[in-house]
Amino acid sequence: MSSSAERRLGDRIAREIYRDPDYIDDPVLAEYVQGVWQPLLAAARLRGDLSPELAERFAWEILLGRDRTVNAFALPGGYFGVHLGLIAIVSSRDELASVLGHELSHVTQRHISRLMAKQGQQAPWMIGAMILGALAASKSADAGNALIVGGQAVAAQNQLNFSRDMEREADRVGFGVMTQAGFDARGFVSMFDKLQQASRLNDNGAYPYLRSHPLTTERIADMQSRQALIPPNPVNATPTAEHAMVAARARVLSNPGVDALRAMLAEADGDKLATLDAPRQAAVLYGAALAASRLRDFVHARGYLERLTALVRSDARAARLSRLLAAETALAAGDAARAAALLNATPTGPGEAGGEPSLARRPELILMAQIATQARHTGRVAEVSEVTQRLQVWVAAHPRDAQAWQLLSSASALQGQTLRAIRADAEAHVAVLDYAAALDRFKAAQALLRQGRASHATLAANGAADHIDASIIDTRQREVELLFKEQSLDR
Ligand SMILES: [Zn+2]
């Protein structure tokens with residue numbers, strides 16, 4: 001299978017995943033994962049595992065799933081799936097890097113395309129349906145069956161498994177990539193131990209990753225010989241507060257049931273909390289505050305947040321996460337003004353990234369845009385206008401950010417810029433590869449323009465700007481038309 005055909009197949013699968021209700025674009029978790037992922041990609045390029053051509057042709061994009069089971073997998077075309085359950089159980093960035101480096105190597109070593117080639121003459125849509133079926137089957141039983149395609153999920157899973165040799169190669173190359181990227185090799189070892197422990201407990205239901213990655217005697221032997229090369233410094237068993245808080249966030253977002261949320265509160269209220277080290281206390285308080293917010297118990301959420309803020313005061317990264325959560329919670333409580341104030345508050349912790357405007361980072365920007373565009377939140381014209389400008393700069397650099405486009409659409413609509421709002425809405429659909437829906441919107445914008453020209457109303461009010469918007473819309477409509485035709489080719 002050629003790399004461009006594989007990319008088209010990957011796009012087809014990704015488009016379905018974007019539509020799945022379990023797909024989640026949480027800016028805090030996404031940023032954390034990117035912080036591990038981008039150095040791995042850079043290292044793979046540096047080592048020559050990832051050719052410039054493949055780097056350019058494939059998506060290299062991670063799609064997060066709300067599932068609480070432990071799983072990560074490579075898909076055709078350079079797409080990757082990561083369940084929140086994996087983020088919730090790793091103890092460090094290094095452990096996460098060891099899993100992502102392994103999956104990355106399945107793609108750079110072209111294991112996926114070799115598997116695809118084995119599917120012989122099957123139509124790409126058939127292979128796509130099989131992969132989606134296998135993904136649905138690997139989800140936890142109560143996660144819903146949104147992705148089930150046909151009844152051959154289990155058979156498909158077996159056909160799509162990598163060979164033992166491929167797994168060993170992904171271990172070897174992945175280890176090289178993660179260490180080259182500067183991650184601690186001991187993360188590879190401790191992750192392996194973690195999986196071995198789960199495997200001994202026969203915890204297959206919670207660890208679908210173990211089903212696709214059985215710990216064969218060869219892999220264990222490879223692991224032991226690699227371990228001999230690693231300096232035997234004691235592993236620092238304490239996670240950073242930042243990591244522990246991110247893991248707690250993954251745990252809450254993947255366990256939205258009331259009982260699970262209440263259990264998070266109980267953890268923060270129990271006597272055991274005081275016996276934990278500071279990072280773990282921070283994680284418990286963070287999880288409890290987020291859980292209370294989800295339960296709409298904002299009084300308790302604020303109580304946990306106050307304790308958390310005091311605890312992480314001297315840790316800049318952790319303090320930032322707690323500030324973001326405080327703003328997010330205020331917004332959920334309907335207090336947009338307070339949310340904005342919290343987000344704009346001057347960082348108090350020592351060593352906080354100085355000089356960098358806070359809105360330059362995606363979680364802050366997305367949250368500020370959500371605050372500014374809340375329907376009930378009126379009378380903040382300047383805020384909406386500022387956030388619109390920042391979003392425009394952001395999407396110019398990150399055109400595949402669907403959430404940012406969607407917020408730009410809302411912000412433009414609030415300012416009466418109807419054409420720009422429709423165009424941004426169209427781009428949000430392009431970003432999730434739904435070209436048909438995007439074309440509908442471009443056509444709606446063109447119809448509006450014709451109407452405006454007929455009545456001279458729009459042009460009179462907004463002349464030059466509309467003229468520019470009109471030409472952008474025409475150009476983009478033609479480009480997306482081409483993408484749509486290409487997408488329909490591989491039937
Ligand atoms: Zn593997």
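Start at 1 and go down the list; that is how both ligands and their atoms are numbered. No experiment lies behind these values; they were computed from the predicted model shown.
Both tests pass for Arg226 against the ring of Phe175: distance under 6.0 Å to the centre and angle within 45° of the axis.
Evaluation of the salt bridge (Lys or Arg N to Asp or Glu O under 4.0 Å) rule for Arg441 yields Asp425 as partners, not counting sequence neighbours.
Minimum-distance N/O/S atom of His106 relative to the Zn ion (ligand 1): NE2. For the Zn ion (ligand 1), the nearest N, O or S atom contributed by Glu167 is named OE1.
Between Glu481 and Lys485 there is no salt bridge, since no side-chain N of the basic residue sits under 4.0 Å from a carboxylate O of the acidic one.
Note on residues 33-52: pairs passing ring pair (Phe, Tyr, Trp, His ring centres under 6.0 Å), not counting sequence neighbours, are Trp37-Phe80.
Within the 2.8 Å limit, Asp171 places no N, O or S atom next to the Zn ion (ligand 1).
Computed with the Zn ion (ligand 1) at the centre, the His102 NE2 to His213 NE2 angle is 100°, stated to 10 degrees.
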